[in-house]
Amino acid sequence: MKTELLFMKQEDVIAAGALDMQKILELVEKVFYLQGHEQIINPPKTVFGIPIGEEPQSHFFSMPVYIGGDVNRPGIKWAAESKTNAKTGNLPMGIDMIILSDPVTVQPVAIMDGMVITAMRTAAAAGVAAKYLAPDDAKVAGLVGAGVIGRTMIMALKEVIPSLKQIKLCDLNTEKARNLADEFKGEIEIILSDNVENAVSGADIVATMTTSKKPFVKSEWVKTGAMVIQMSSYEVEAGVVEKSDKIVVDSWEQMKENELSIINQLVKKGSLDEKDIWSLSKVVCGTKPGRENKDEITMFSSRGMGSLDIIIGDYLYKEAMKKGLGQRLVLWDEAKWV
Ligand SMILES: NC(=O)c1ccc[n+]([C@@H]2O[C@H](COP(=O)([O-])OP(=O)(O)OC[C@H]3O[C@@H](n4cnc5c(N)ncnc54)[C@H](O)[C@@H]3O)[C@@H](O)[C@H]2O)c1
């Protein structure tokens with residue numbers, strides 16, 4: 001019997017609805033809900049860097065997942081990041097693919113570009129965290145990093161924090177920051193900051209999404225009652241984590257395997273107890289509280305979970321089938337050795 005799958009190029013993924021931040025936030029929150037109800041198998045991602053034995057120039061991540069409940073979808077994300085691409089700017093720094101399979105016959109049903117999905121789901125996870133942990137009535141956000149995740153972070157925060165009036169944006173590449181601010185003209189006020197201290201000081205929400213090799217957010221710049229969002233492993237100094245009253249991560253199971261994570265380093269050093277690090281699923285399911293008062297500092301950090309990509313991929317695949325998007329590919333006409 002012939003086996004076919006749907007190939008979705010990036011344009012199909014977008015036409016199917018990948019840029020609808022409201023929908024992406026809903027799907028991402030559903031993942032945290034299902035995760036809290038043990039309906040997801042999401043083993044820690046495996047990672048390798050190449051070339052072997054040297055400072056890696058690229059990293060590859062394998063992220064297998066099964067989402068249960070009414071989703072019932074196994075799949076895998078094959079993700080990669082290239083330092084060369086980040087330097088030259090000719091190609092995206094991160095390039096990802098998603099494969100979805102049938103849960104019963106195990107046939108592949110779709111293969112699609114995962115780059116836009118990654119950018120959207122990464123910021124949406126922070127958005128869901130902000131829904132539970134940001135100060136009420138937050139007005140000013142200080143953002144560091146005007147790249148791919150910088151763009152989707154603005155989209156997510158605009159959606160979940162309706163009180164947000166102003167974004168202070170900083171990037172080492174000032175032209176990138178200016179261009180990103182221009183993209184959102186008329187939607188929200190974005191003012192450019194020429195250094196991190198200016199961007200972060202006094203902000204109700206601080207968010208970092210950079211490729212920096214060193215921490216750059218000092219604890220004294222984070223005001224009482226703020227929420228701090230860290231998208232990479234070590235953008236904030238240890239003092240910011242130590243100053244935080246609540247530390248929430250996308251998945252502690254995943255993050256504790258990342259040696260670069262500043263949160264993980266503090267646990268290993270013994271200055272932070274892992275029982276004080278909560279997975280966001282606990283907050284979404286109500287087994288741990290979200291923000292409880294206006295003075296606490298909350299922190300969210302993520303390493304990225306494949307389950308977010310697979311639930312979005314599954315939704316977009318179904319939308320593509322309805323809309324007639326994508327291209328049918330034949331895996332075999334007659335399966336050999338049946
Ligand atoms: N947690 C997750 O799920 C997840 C998913 C995807 C990406 N990420 C991480 O998010 C980060 C951003 O990814 P991206 O795709 O937006 O990268 P990008 O290359 O598109 O953008 C990064 C930006 O950071 C800026 N930058 C670097 N160092 C800086 C510094 N010290 N101060 C100010 N700006 C600085 C660069 O100029 C660039 O504009 C990366 O570290 C990536 O690994 C995390």
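Model, not experiment: these values are computed from the prediction. If you read the sequence from its start, that first residue is 1, and numbering goes on from there. Read the numbers this way: they start at 1 and go in the same order the structure lists the ligands and their atoms.
For the pair Lys322 and Glu319, the salt-bridge criterion is met [side-chain N within less than 4.0 Å of a carboxylate O]. By the 4.0 Å N-to-carboxylate-O rule, Asp12 lies too far from Lys9 to be salt-bridged with it.
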Donor-acceptor pairs are to be reported for all side-chain atoms of residues 226-242 against protein atoms at under 3.5 Å, with residues two or more places apart or in another chain.
{"unit_1": "Gln230", "atom_1": "OE1", "unit_2": "Glu235", "atom_2": "N", "d": "2.7"}
{"unit_1": "Gln230", "atom_1": "OE1", "unit_2": "Val236", "atom_2": "N", "d": "3.0"}
{"unit_1": "Gln230", "atom_1": "NE2", "unit_2": "Ser232", "atom_2": "O", "d": "3.3"}
{"unit_1": "Gln230", "atom_1": "NE2", "unit_2": "Ser233", "atom_2": "O", "d": "3.3"}
{"unit_1": "Gln230", "atom_1": "NE2", "unit_2": "Ser301", "atom_2": "OG", "d": "3.2"}
{"unit_1": "Ser233", "atom_1": "OG", "unit_2": "Asn258", "atom_2": "ND2", "d": "3.0"}
{"unit_1": "Glu235", "atom_1": "OE1", "unit_2": "Thr208", "atom_2": "OG1", "d": "2.8"}
{"unit_1": "Glu235", "atom_1": "OE1", "unit_2": "Met231", "atom_2": "N", "d": "3.4"}
{"unit_1": "Glu235", "atom_1": "OE1", "unit_2": "Ser232", "atom_2": "N", "d": "2.8"}
{"unit_1": "Glu235", "atom_1": "OE2", "unit_2": "Met209", "atom_2": "N", "d": "3.4"}
{"unit_1": "Glu235", "atom_1": "OE2", "unit_2": "Thr210", "atom_2": "N", "d": "2.6"}
{"unit_1": "Glu235", "atom_1": "OE2", "unit_2": "Thr210", "atom_2": "OG1", "d": "2.8"}
{"unit_1": "Glu237", "atom_1": "OE2", "unit_2": "Lys218", "atom_2": "NZ", "d": "3.3"}

Please tabulate, for the side chains in residues 267-278, all donor-acceptor contacts under 3.5 angstrom to protein atoms that are two or more places apart in sequence or on a different chain.
{"unit_1": "Ser271", "atom_1": "OG", "unit_2": "Leu266", "atom_2": "O", "d": "3.4"}
{"unit_1": "Asp273", "atom_1": "OD1", "unit_2": "Lys275", "atom_2": "N", "d": "3.1"}
{"unit_1": "Glu274", "atom_1": "OE1", "unit_2": "Trp252", "atom_2": "NE1", "d": "2.5"}

Let me have the donor-acceptor pairs involving side chains of residues 62-74, under 3.5 Å, with sequence neighbours excluded, atom names and distances please.
{"unit_1": "Tyr66", "atom_1": "OH", "unit_2": "Asn72", "atom_2": "OD1", "d": "2.6"}
{"unit_1": "Asp70", "atom_1": "OD1", "unit_2": "Lys30", "atom_2": "NZ", "d": "2.9"}
{"unit_1": "Asp70", "atom_1": "OD2", "unit_2": "Lys30", "atom_2": "NZ", "d": "3.1"}
{"unit_1": "Arg73", "atom_1": "NE", "unit_2": "Asp314", "atom_2": "OD1", "d": "2.8"}
{"unit_1": "Arg73", "atom_1": "NH1", "unit_2": "Ser101", "atom_2": "O", "d": "2.8"}
{"unit_1": "Arg73", "atom_1": "NH2", "unit_2": "Asp314", "atom_2": "OD1", "d": "3.3"}

Report all N/O contacts between ligand 1 and the protein shorter than 3.5 Å as a table of atom names and distances to 0.1 Å; if there are none, say 'none'.
{"unit_1": "ligand 1", "atom_1": "1 (N)", "unit_2": "Met231", "atom_2": "O", "d": "3.2"}
{"unit_1": "ligand 1", "atom_1": "1 (N)", "unit_2": "Ser302", "atom_2": "O", "d": "3.1"}
{"unit_1": "ligand 1", "atom_1": "1 (N)", "unit_2": "Ser302", "atom_2": "OG", "d": "2.8"}
{"unit_1": "ligand 1", "atom_1": "3 (O)", "unit_2": "Arg121", "atom_2": "NH1", "d": "2.9"}
{"unit_1": "ligand 1", "atom_1": "3 (O)", "unit_2": "Gly304", "atom_2": "N", "d": "3.4"}
{"unit_1": "ligand 1", "atom_1": "16 (O)", "unit_2": "Val148", "atom_2": "N", "d": "3.1"}
{"unit_1": "ligand 1", "atom_1": "16 (O)", "unit_2": "Ile149", "atom_2": "N", "d": "2.8"}
{"unit_1": "ligand 1", "atom_1": "20 (O)", "unit_2": "Val148", "atom_2": "N", "d": "3.0"}
{"unit_1": "ligand 1", "atom_1": "34 (N)", "unit_2": "Leu172", "atom_2": "N", "d": "3.3"}
{"unit_1": "ligand 1", "atom_1": "37 (O)", "unit_2": "Asp171", "atom_2": "OD1", "d": "2.6"}
{"unit_1": "ligand 1", "atom_1": "39 (O)", "unit_2": "Asp171", "atom_2": "OD1", "d": "3.3"}
{"unit_1": "ligand 1", "atom_1": "39 (O)", "unit_2": "Asp171", "atom_2": "OD2", "d": "2.6"}
{"unit_1": "ligand 1", "atom_1": "39 (O)", "unit_2": "Lys176", "atom_2": "NZ", "d": "2.9"}
{"unit_1": "ligand 1", "atom_1": "41 (O)", "unit_2": "Thr210", "atom_2": "O", "d": "2.7"}
{"unit_1": "ligand 1", "atom_1": "41 (O)", "unit_2": "Ser232", "atom_2": "OG", "d": "3.1"}
{"unit_1": "ligand 1", "atom_1": "43 (O)", "unit_2": "Glu81", "atom_2": "OE2", "d": "3.1"}

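With 3.5 Å as the limit, one finds no donor-acceptor pair spanning the side chains of Ser261 and Asn264.
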